Amino acid sequence: MKKLKKRLFDIVQVAGDNDVASRVFDICIICLIFLNVVLVIAETFSLPKALRECIGYIELASVAIFTIEYVLRFWTSDLLYPEKRRIVSRLKYFFSFIAIIDLLAILPFYIPYIIDIDLRVLRILRTVRLFRIFKITRYTTALNVIGDVFKRKKNQLISSIFVVFLLMIIASVLMYNIEHDAQPDAFSNALSALWWSVATLTTVGYGDIYPITAMGKVLSAIIALLGIGLVAVPTGIISSGFMETIHRDHAKEDGEEEISYCPHCGKKLK
């Protein structure tokens, strides 16, 4: 049984260079994920009844395969964390990001059989199947790199986003007080003005709500100019995080020592 469990663990994990069975399993799962995403999109079109029935059978087979995969991964999760006790390792796996994605990929199918649910809610739940595409993260490092960048730059990102949010609140309250008397329908409350400040600060400018008073136009111009710089700050922080990650990865490949950067000024540390 231990040998079987170890072999199943090797198969469901990302394939090694010489493990043909595991590589075939990975390719099949990836193809099935993309097929399911295509089917979710296809269901938004008017399709013949026969084709919809065929999609239903494919969905049934997909849920069965994903359920078996999830059970196997959960069963062998103690081998993923061998230094921990069995119950602890399984709980750690159960609450991990990728395990939650695996669960969301199959859960909408089983919920109607467990509880009586409104058909409108069911349609919304079925869209959760799109989470299956995130299962691809197990086979690629792209989203893992993004997550690493956000994790390392979280303090700077939170600070910059907080400043932008603070400016939006101030701008919305000021604009409400300036424009409410002139446009009581458009600027009926601070939330209406907040929608204007979001559209202006992000330089989207939908034009569905805009100031007509001289003071309001001046404030709008100032907010628009501030938005050009402030909204670009988080983008710059993320870009620098990607560059640091690229340099770090190159240093590891070349066998060099990892380069550290100051979290405040971004300069290289010795």
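Just so you know, these numbers come straight off a predicted model, no measurement behind them. Quick note: numbers below take in every heavy atom, side chains included, and nothing from hydrogens, waters or symmetry partners.
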Worksheet entry | Pairs involving residues 211-236, ordered by first then second residue, that meet side-chain hydrogen bond (donor to acceptor under 3.5 Å, both in side chains) (sequence neighbours left out) |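 Sorted pair list: E179-T213.
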Heavy-atom closest pair, residues [X] and [Y]:
X	Y	result
I209	S192	CD1-O, 3.7 Å
A42	L47	O-CD1, 3.3 Å
I11	D26	O-OD1, 4.2 Å
G216	I178	N-CG2, 3.6 Å
I238	L157	CG1-CD2, 3.8 Å
E59	F109	OE2-CD1, 4.5 Å

Indicate if [X] and [Y] have the same hydrophobic cluster label, given that clusters are the connected sets of ILVMFWY residues with side-chain heavy-atom separations under 4.5 angstrom.
X	Y	value
L167	L219	yes
F25	I65	yes
I101	L35	yes
F74	V88	yes
F187	V198	yes

Test item: side-chain donor near acceptor, [X] and [Y], under 3.5 Å:
X	Y	result
S22	D10	no
Y110	T67	yes
W196	T200	yes

Fill in: salt_bridge(K92, D78) N-O dist < 4.0 Å
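Not counted as a salt bridge, because no side-chain N and carboxylate O are separated by less than 4.0 Å.
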Mind checking what makes ring-ring contact (aromatic ring centres under 6.0 Å, His included) contact with [X], not counting sequence neighbours?
X	result
W195	Y206
F150	none
F66	none

Worksheet item: What is the distance from atom CD of Q183 to atom CD1 of I212, rounded to the nearest 0.5 Å?
Response: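 It is 4.0 Å, given to the nearest 0.5 Å.
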Worksheet item: Atom CG in L39, atom CG in L32: separation rounded to 0.5 Å?
Response: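 Result: 9.0 Å between the selected atoms.
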Worksheet item: Is there a side-chain contact between M175 and P211 (heavy atoms, below 4.5 Å)?
Response: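 In short, these two side chains touch, coming nearer than 4.5 Å.
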Fill in: E83 and Y81: CA distance, side-chain angles, deciding distance, side-chain contact (heavy atoms from CB on, under 4.5 Å) verdict
CA-CA 6 Å; E83 73 284 356; Y81 309 104; 4.1 Å; yes
Between [X] and [Y] (side chain of the first, backbone of the second, donor and acceptor by atom type, cut-off under 3.5 Å), is there such a pair?
X	Y	value
R73	A99	no
S188	P184	no
R152	G241	yes

Discussion item. One pair to check against side-chain contact (heavy atoms from CB on, under 4.5 Å): S240 and K153. What are the steps and the verdict?
Written reply: CA-CA 9 Å; S240 67; K153 295 292 183 179; 3.9 Å; yes
Is it true that, when you exclude [X] itself, more than 12 heavy atoms of the residues, nucleotides or ligands shown sit nearer than 6.0 Å to its [atom1]?
X	atom1	answer
D208	CG	yes
R86	CZ	no
K84	NZ	no

Practice prompt. Applying side-chain contact (heavy atoms from CB on, under 4.5 Å), run through S89 and L80 and close with a yes or a no.
Written response: CA-CA 8 Å; S89 60; L80 192 61; over 6 Å; no
Practice prompt. Only counting residues at least two apart or in another chain, list the ones meeting side-chain contact (heavy atoms from CB on, under 4.5 Å) with Y70.
Written response: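 F94, D102, L103, I106.
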Item to complete: Quick one: name the residues clustered hydrophobically with I228, using the 4.5 Å side-chain heavy-atom rule over I, L, V, M, F, W, Y, and just say none if it's on its own.
Response: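 Members besides I228, by chain and number: L225.
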